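See structure below.
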Amino acid sequence: MSPDNLDIQNSLDKDLIASVTDLKVYFESKQGMVHSVDGVSFDIVDGEMMGLVGETGCGKSVTARTFMQLVQSPPGVLAGGNIKFRSKNIKNGSQVIDLLDLSENQIRELRGERIAMIFQDPGKALNPGLTIRTQVAEVFQEHRENDVLEKAGLKNKLSGVTEYFVKKYIKQEAGFLVTTLLKIPPLSTYKKKIDSGINRLVAEALEETQIPNPTKVMERYPHELSGGMKQRVMIAQAIACNPDLLIADEPTTALDVTVQARVLDLIKELQKRHKTSVLYISHDLSLVRRICDRIAVMYAGQIVETGDAETIFNQPKHPYTQGLINALPSMSHERGKLEAIEGIVPELIEPEPGCRFVSRCMRRKANCEEIDPKLKPISEVDKSHKVACLLYEA
Amino acid sequence: MKKNAQNAGIDEVNFNDSAFKVRLKRNLEILSNVLANPTTVLGLIVVIFMLAMAIFAPVITEPNTPDPYQMPRDWKAARSAPLTPGHILGTTNRGGDVFYGVVWGARTSLKLSILVVTLTVVLGVVIGSVAGIVGGKVDEILMRIVDVFLSIPELIFALAIAAILGPSFTNIILALVIVFWVKYARIMRAQVIRIKQREYVDAAKIMGASKLQIYLKDILPNSFSPVMVQATLDMGNIVLVGATLSFIGLSEAGIAEWGVLVSEGQAGISAGRWWASTFPGLMVFLWALAFNLVGDGLRDVLDPRTETKR
Amino acid sequence: MSNSKNTILSLRNVKKHFPIKEGVFQNVVGQVHAVDGVSFDIGAGETVGLVGESGCGKTTIGRCVSGLEPLTNGDIFFDLTPEKLLALEDFEKHQSEIKNKHLIDEIQSTSNISKIEGDDFYNYRRNCQMVFQDSFSSLSPRQLVSDIVSRPLKIHKVCADNELIPRTIELLEQVGLGKQHLYRFPHQFSGGQRQRISIARALALDPKLIVLDEPTSALDVSVQAQILNLLHDLQKQRGLSYLFITHNLSVIRHMADKIVVMYLGKVVEAGKTEDIFSNPQHPYTKALLAASPDLSEDVMSDMAALDGPIPDPARPPQGCSFRTRCPVSRTECGWEVDDIIRRLEHHETLIDSIKSVHQPDAFNAKLTFETSLSAIELKDVIGTNDIPKQMRKAIKKIEVDGNDVNISFDPVQTVPLVQSDNGSLSRCVLANK
């Protein structure tokens, strides 16, 4: 990483792992610019599980993908803001970088190594043509050269050309010549050792996600595994390098409830064991409340409320959060009397100023249509609970 | 109201709408999407030019009597170069007027392609639909037949059939129909199988719609776009293959057809009389290119993937 | 149950098996037991919730009820008066001594939806409609809303041509849309609005029963609440019966009068909603409830998770089908030889060294190994804690004979659905006592 990234090092609070400031991601369309993410700011505290909650199209997934520079461009346009991220466990200690400033190569080094992601549909995120072994091994081969050497029992035992060849082989950059050379003794013994070393690393990673019989599962193809199992493989792949930040984009939505419970337990357990920070994205508020420490609620490209999971759930302030919680069918509702939020989500094409929720809000005031509400702490005492609503602005 | 502005396009009240107007608007929208692509527009212009030439052929040049599709022979002016008075594109070494051949060749090509495309589409859609809807053994047998047809290269297959049937323009049409229907059967079958699993087909069944109604209202309209795209592409391809067959001499001699004309002129090329082959050859090339451009443009707009999910 | 109302739908031992075909000649090599002997009733004006995880057969039941799939076995009766239901129940209990044969014949010929034909079936079509989960796929993209909603009216010639549009507008207004939406294409609407169009279409023929197959699963919570309220209001106004199929327990608790919980094609528990939620009897129901994060008010309580995968429905376990994942399994749950194979997953080398399996029935088998060592190892493994204690106890005999291992279990019959203390039916050996 280039040294000019170091000058913003001090701008991230000590206890934070990442901080998103005024992030704006737009999409070009025929009708105009779609403001999918429009001024989103939030922090992720080191070691915490942060929930990002919202309904379809609110921009939560786009926000998550921006962390990894995975937003397709065009049509995606990065219109502003920054994502500061503390990259730990690298050679020269920890370092704060702006994820949006990184070049393609720099972000590739970070992906899978310091930031990992789990997707909603494990069936689509895994390559159907490769075995589980190959796919999990890729992470190690790309980022964990030394671990592979150590497992193979070759660490500090190689030198010169041999070392160069073997490292090429690990990195999967070996050309025809190197591949051929590695097939004949004495180099072939190294190849065997490396292969078995990688196998052991993969098996350990799978074992950690409680996959029974890892050496057998390794040789299978994704379609031979159940949905829950595939999601575990995804998780194994994601945590293989012990990343600082794990982004989980609705990882259990495609799963049955009993399987979902298992996978959630697993994520929670791994998060505690490795002290990984997690950004958990979901549409399901009650699920996020169960597993997350803090929650940010998104609506129409903006964060409307953020705070402790319990506070948000028990004392929601923003009318949208309140609506969302009340719309859940619960014991207290008489049948047919659910408190639905009427109306539909507004189009985000070149939105006018004013609160995005105003057309559906039951408590709107006269100037809600004109003034953009800012995300502000609700009281002097509790600085962590912030809400973007004119009702709470003095 | 702010609310109306935000939900524009769906909640704005417009009582003057009628089903006809909405459909028209949608079709115009599709058309405007097609026209948004410059290469498609280019193709379309050439297509329109070709069609105009075919339709107004009797106006552009005096029809030959008694059969206008036969080349007029002006033996005295044989082997004239282009821009000779009365023979603007020159003549062949047998005195055929190249301009007449080019213009009436467009008419022949139009006749050929429209006949072949109509017949193949009908045949292919019927067989493909039967295979897709009935399924089971019927499907299996029909598709194996299709496989056999597809295993032989298009041109060679058409050539063989036309050769067996004997040299005539009608036989070229017949040969092309026999070769080209299989593609439509394949496409249609795949589409029908895909569409019949859609829940709106189930919904129609639950309503009590008859099988024919479901086929005509739900399955056919929703599976037709790829067939249409293929038909447009084939409008061009068929003329290309047809001209090849004619060139080899599988249609009647002396007919005003581009392939025939190219073959008639080829003997003169080495002697420097380039025009008799070049102009009709260029026409074949332009015709095939233009329809392919339009077909590609249609595919981009009508592609089922961009259509069902916005 | 008060018997003054008609029973709109009565499923009697419904079975639906799908053949597994293989090879060029499409030979049937097995049967997937998608639905395996399901019985329940839906009363007039009642909502019955069908709950279970994916692959439990709930959607197949919906498709059978709406006539999209023919039954493999069993009967579905439509619109039975209390007398008819009683006669039917009586007939099932005493097959040999038929008391009122003509009534049974009448029921069979007029109410059994797999036997009625022609006009009667056409009539059933009018009375049973369906709303699908995916509103994108359930509305034809090339038809206008006016065509979609008025189509059932046209098919059944319910009203004159000039009344068609006013009637369609009326239907749209009932679902919260209006005449401004008449001439639009489905893709111009949001998910919730499209689901409203589906509901309007289902209402067009004034049916008595609507099958709702996950109607809100694809919707956001705020929109889901709108649709659930709408469904409830329509039910009140029109006296509709619903068969509500879903995997979402908080939705079903809100909507259903009665609940049927399914697992692997079988009903494991059925009863009144309050009873099932306040006092679930079957361990599977308990696990489902515990795993749903939006049900429990206590945030800190653990989400109970189940071990292991759902068994292959082509070879469903005999006895209690849930025992392979059950946290409270017993000796008498009906353990069989297949369970040993299922449990051997952790011992791959053992599985690999099995040469042949000779299995005269589900409870007796002779496993032949490549070496006698493996045979002994198997016996040892069965002695360890990798195998549930209850299962070990159920093994009647295990003998090593050279390379062979003979195993036999006590044969146990299929666990019946029995009435438990709270009035609900439960299929569990624990409730049997």
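Because the structure is predicted, anything quoted here is derived from the model rather than measured. Reminder, nothing fancy here: chain letters follow the sequence lines and each chain counts from 1.
Neither the backbone nor the side chain of B:Gln197 comes within contact range of chain C; no heavy atom of the residue lies under 4.5 Å from a heavy atom of that chain. Only the backbone of C:Leu139 comes within contact range of chain B, with heavy atoms under 4.5 Å apart. Neither the backbone nor the side chain of C:Arg126 comes within contact range of chain B; no heavy atoms are under 4.5 Å apart. Neither the backbone nor the side chain of B:Lys25 comes within contact range of chain C, judged by heavy atoms closer than 4.5 Å. C:Phe185 touches chain B through its side chain: at least one heavy atom from C-beta onward sits under 4.5 Å away, while N, CA, C and O do not.
Ranked by non-hydrogen atom pairs under 4.5 Å with chain B, the options C:Gly178, C:Ser140, C:Ala204 are led by C:Ser140. When each of C:Met130, C:Gln129, C:Gln143 is checked for heavy-atom pairs under 4.5 Å with chain B, C:Gln129 comes out on top. The candidate from C:Asp147, C:Leu177, C:Leu205, C:Leu144 with the greatest count of non-hydrogen atom pairs under 4.5 Å with chain B is C:Leu144.
Annotation for B:Tyr184 and B:Phe180: closest pair CD1-O, 3.4 Å, computed over non-hydrogen atoms.
For the residue pair B:Asn237 and B:Asp234, a side-chain donor N or O sits within less than 3.5 Å of a side-chain acceptor on the partner.
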Given side chain to side chain donor-acceptor pair (under 3.5 Å), test C:Thr60 with C:Glu69 step by step and report yes or no.
CA-CA 8 Å; C:Thr60 311; C:Glu69 300 277 358; over 6 Å; no

Let's go through C:Thr216 and C:Gln224 carefully: what are the C-alpha distance in whole Å and the side-chain angles of both, what is the deciding distance for side chain to side chain donor-acceptor pair (under 3.5 Å) to 0.1 Å, and is it a yes or a no?
CA-CA 6 Å; C:Thr216 61; C:Gln224 164 176 290; 3.3 Å; yes

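In this structure, C:Arg184 forms no cation-pi arrangement with C:Phe189, as its terminal cationic atom is not both closer than 6.0 Å to the ring centre and no more than 45° off the ring axis. A cation-pi geometry, defined here as NZ or CZ lying under 6.0 Å from the six-membered ring centre and within 45° of its normal, holds between C:Lys16 and C:Phe18.
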